[in-house]
Amino acid sequence: MLIVTFISWQTLTNEVILGIANTAPFSPWSVGYFMSRCMPFLLTGLLFIVHSFFSKKEQLVGKLTKATSAEQSKYMAIHYGAATAAYLLLCFWSIMIASVYCGLIFNFNRFQEFLLPLIITIIPAMLFFMGIGITAESIKSSLIFLVIAGIIVAALLPMPYPFDIIGTQFFAKYPLELENLDPKFYLPMSVILGKSIYSIIGILLIIKGVYPNRKQAKM
Amino acid sequence: MTSLSIFRVELFRLLKDKITLYVMAITVLAPLAGFTVYRPLFSISRTTYLTSTLGTYLANPALAGAIGGAAVFSLLVIIELDKVHRTGTAVLTDTIISPLLANIVRVIAVITIAIIAQIITIILYLPYTSIKSGSVFDIQLYMALYLIFMLPAIIFSILFSASAYQITYRVDLSICIFIAFLVLSLTLWKEKYLLCWVNPAVWILSDDFGNTRLIRTVLYNRLFWCLLLLSLYLISYLCIRIYKKNILGSIKINIKKFYIPIMIVLLFSAGCYSYYAQPFLDHSLAVPLYKDNFTDELVCKSIYVEAMPDIKRGRYYAKTTFNIDNLTGTEKEAMFKINPGYKINSVTANGKPVYFEDKENDEENAKEIMVLLPEDKEIELVMAFGGIPREWNILESGQGLLEIGNNYLYLANEEFSPEPLFCLSSELYSYAEQPFELTADITLPKKLTPVLFGKGTSKLIRENMDGTNSWKLSNDRCLIIVYAADFITQKVNTAGVNIEFYYSAKHKKIMEKAQVGKTLKQVFDYCSEHYGPLYCYSDDNKLKLIQVSAYQGGGYAGGGSSIMDENCFNERSLNDSLKGAGGSEVMAHEIIHQWWGLGYMFNSENLADEWSSEGLTVYTTYRLMKELYGDEYAKANYVDMWEEEVDNYFNNFYIRHPEYLKCLPKKYQDKVNMDLARVRQYCLMPLKILEAEKLVGGEEEMDEILSKIFTGERNPEYPYLDYKEFLNACGLSEEDLNLE
């Protein structure tokens, strides 16, 4: 939480305050950019939580929990739900910092405008990387660190908008390509498609993680 | 168990502890903050953060590491000292080992771990720092900065925190006291070079010319704190609770070790003495002291200086011989000005000792020496003096200029030799018109070449067997300014001027890449023809351009010389596309500042103002490139770029909505303005000047206007070119040049 607070504050005071892509610091574009800059840290936190579900301690305890009458899939679903809740709480904390910042400095209060850019930044990335992380853990525990490295690469490398899972490029550059200054927040079809594909892949991998092997689960 | 075996056990126990490993990891990672969020070194650019290469990749990270390491090691030592009390095991351990021994062993073990963490840090950052620093990387400086800036800060934090705990036996109180100690150093004490223990007063680091003076001041700071904190630790040692007694009871027993109070008194006294006897800063007062000492009854005909710099110890010794005519026929007091750090060892006149008085009246980094001259008509006055030259106390947090080291030497005026004040006429603001000769002999390390500011010359007399060279310096004034470094000289004859450009050998590759010789010729030809010659040429049309240390903090010109500090040729600055389309064009830009910025200074209301020396300099660079490479090239690399940046600038949210800029806290308003200032100064103003060019009738007309501005008479009380004067000269108003 301290790290997220620090990163949020640094991003707000060093980048967002200048206005992203010539838009206001409180525009949906700027807020989306702000969230995308926090995403690597939030997603890393999420993956560390997922990693803890596959730790040695968990595996030892797993022998006991698997012997109980509780369904493994429900047990795993609760675990992943808890991880999601923790991740969303941290996202909410970041959003709160940004909202208070915009509210206090600019007297801004139309926070509903932030909803769409925040959702398309937070949810697809969460689903995709969580699915990848669970899959990586089920193969080999240390692969999770490769996934974390992948998040950092995805955040730093310039990518075409449909592939930009983190979203930094999209929020920083797309408004400059539009004709008007201060354009309304708008998602091109290619970006919607890209985010949807990432989300579907993520959901499928999470489901596979929850129901790893139906035969084994029944046994 | 012996102390050593206890120490070994404690050390290995700590190394296996997770908290210790986290503390070490944070210490090793802390320098990373110096690349981004914590950059205490002064920025040489007004519009973006830019410091020297070594400042960027070495000093800032070392300073960040110092703070990070100090904070976490402070916590570690407090936690470790409190562990036995927190867990209730002190009743057991105290029966085996004396708590006095146990505590001291723990502290030494934590210090040892700090040293290990420091070694890991040094090894880890070495490849990156050496690659990024390139040709200016110096392994000795690298080691010195980490071992003098970072490691002592961590050790001081351990000693202080351990002392706080041993006195209070409270974790919360100890942490609060430490935080206060840390915050004091970072805030109230940051301008006091001796008091800032965690953030030594470093404002810049020289890439090319050495940093010996600065390192010495920081070493002195470390000595002061070492003495003080050791005495504090020993005081706290007396307070270690034993036999379940309270603090006073424990002191009564512990003080029986008589050597400890003796050591406390000695260390504390030594610490206080080191504070008051610091040798680097003078004691200049804010009020002016000196009267006009000019008299035509004393005539100084010549000066000879036997200069003996002590490179190893950073000191300067000399013997100056003045040939003076005393026209009064009686004894006469003569006043001399000298650096406050020097001690006059002896003064003789015609071989006989004479009375002299060191007034110790430091003012503007000099002090007066009164010498009672005998009644003889012709006097050979010999003054022997020396010591560590002191810097002006108003620049306490910006020291480093008076370098006497293996890589660089700078001595100016009364730092080189006493200045005879009876020669200076305050009414005329100049020295009395009389023929004069100053000569000096100086021996320097082989690689240093002395260059004199002004018309003075230096000649190599002898190469000595001990790796030094002896030089003869001569000047036609009674003052001398010497720069000595590993200079490369580039001679260029152009526009009727013989230019000698002296720059550091370390900068050779960068200068060659930027084609400095060719660029010099092009700039001087162009600017002299279009605007007029620089006023600082000597009478025989010679000009010395001297690249000097970053500690000079800028440049100045006059009497046949012009100096530019090394940051004008900073490698990252030479890649700045807003100054020019390539290294050699940026080099041209920097040299053009000799006309716009130095030849004619600029004044603007604030730092974010669009009017600055950059506008005319960028415009002139564009005009030069147009002449050299054609209209298309100049338009593509200058005008088009300006227009693109300015379009973006006018699209900026705060430019379109200035009411929101006013909502921001002042700190962020300044930040936004500084970010936008770069485009205003480097793109918007050149476009306005280009527009002015069109409105006044074309390039020739604009050149005539600028030439009249440059060569015209200047008001000595206000020697600046401001925007209003420029507009008046063009016959235009601000609205005429409004590009919105």
Side-chain angles (χ1 to χ4, degrees), chain A residues 2-34 37 40-41 44 48 55 57 98 100-110 152 155-156 171-185, chain B residues 18 22-23 25-26 29-30 32-39 43 47-50 60 64 67-68 71-72 75 179 608 643-680 683-684 740:
Chain A
L2 277 175
I3 294 172
V4 166
T5 308
F6 177 72
I7 297 300
S8 302
W9 185 252
Q10 284 294 302
T11 309
L12 282 170
T13 55
N14 286 316
E15 291 183 285
V16 175
I17 189 126
L18 302 173
I20 303 302
N22 293 330
T23 64
F26 44 82
S27 72
W29 302 100
S30 297
V31 170
Y33 178 86
F34 159 77
R37 295 295 260 168
F41 303 92
T44 304
F48 273 126
S55 65
K57 262 191 193 167
V100 167
Y101 185 80
C102 292
L104 282 177
I105 292 180
F106 302 108
N107 260 340
F108 182 82
N109 54 15
R110 299 191 310 276
I152 296 167
L156 294 175
F171 289 114
K173 297 207 170 123
Y174 186 68
L176 297 171
E177 294 170 11
L178 299 173
E179 276 177 16
N180 303 326
L181 288 170
D182 299 326
K184 271 201 158 162
F185 187 69
Chain B
K18 262 192 193 160
Y22 286 141
V23 162
I26 292 171
L29 291 174
L32 290 174
F35 295 110
T36 49
V37 295
Y38 182 69
R39 298 182 297 191
S43 174
T47 55
T48 185
Y49 183 79
L50 186 68
N60 279 339
I67 295 175
V72 292
L75 275 174
I179 289 173
E643 284 172 351
E644 192 185 323
E645 294 283 341
V646 168
D647 281 344
N648 221 20
Y649 168 84
F650 283 124
N651 284 342
N652 181 281
F653 175 76
Y654 290 110
I655 297 298
R656 291 182 290 117
H657 301 282
E659 67 276 16
Y660 282 107
L661 185 62
K662 289 183 190 147
C663 291
L664 295 176
K666 177 105 188 20
K667 180 176 142 189
Y668 297 115
Q669 279 188 42
D670 290 343
K671 183 181 167 56
V672 169
N673 277 326
M674 292 310 285
D675 268 7
L676 295 172
R678 202 163 139 69
V679 176
R680 283 192 196 115
C683 301
L684 182 59
E740 281 181 57

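Computed from a predicted structure; not experimentally measured. Just so we're on the same page: letters track the sequence lines, and every chain starts at 1.
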A.B. asks: Looking at A:Ile17 and B:Val672, what are the two nearest heavy atoms and their distance?
C.D. replies: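 A:Ile17 and B:Val672 have their closest heavy atoms at O-CG2, 4.5 Å.
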A.B. asks: Starting at CG of B:Asn651, measure out to OG1 of A:Thr23 and round the result to the nearest 0.5 Å.
C.D. replies: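 The distance works out to 11.5 Å.
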A.B. asks: To the nearest 0.5 Å, what is the distance between CG (A:Asn22) and CZ (B:Phe650)?
C.D. replies: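 Separation between the atoms: 12.5 Å.
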A.B. asks: Shorter than 4.5 Å, heavy atoms on both sides: which option in A:Ser27, A:Pro25, A:Gly19 has the most such pairs with chain B?
C.D. replies: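 Top count of heavy-atom pairs under 4.5 Å with chain B: A:Pro25.
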A.B. asks: Which bit of A:Asn14 comes within less than 4.5 Å of chain B, counting heavy atoms only: side chain, backbone, both or neither?
C.D. replies: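 Answer is both: backbone and side chain atoms of A:Asn14 are under 4.5 Å from chain B.
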A.B. asks: Name the region of B:Tyr668, side chain, backbone, both or neither, that has any atom closer than 4.5 Å to a heavy atom of chain A.
C.D. replies: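 Contact with chain A involves the side chain of B:Tyr668 alone.
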A.B. asks: Where is the tightest heavy-atom contact between B:Pro665 and A:Ile105, given as atom of each residue plus distance?
C.D. replies: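 Between these two residues, the closest heavy atoms are CD-CD1, 4.1 Å.
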A.B. asks: Counting only heavy atoms not in A:Leu178, do more than 12 fall under 6.0 Å of its CG?
C.D. replies: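 Count over threshold, so yes.
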A.B. asks: Minimum heavy-atom separation for B:Phe653 to A:Asp182, with atom names?
C.D. replies: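 That closest heavy-atom pairing would be CD1-OD1, 4.4 Å.
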A.B. asks: How many angstroms lie between atom CG of A:Leu18 and atom CG of B:Leu664, to the nearest 0.5 angstrom?
C.D. replies: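 If I round to the nearest 0.5 Å, the distance is 9.5 Å.
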A.B. asks: Counting only heavy atoms not in A:Phe106, do more than 12 fall under 6.0 Å of its CZ?
C.D. replies: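 Yes, enclosed.
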A.B. asks: Non-hydrogen atoms of chain B under 4.5 Å away: do they reach the side chain of A:Phe26, the backbone, both or neither?
C.D. replies: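 The answer is the side chain of A:Phe26.
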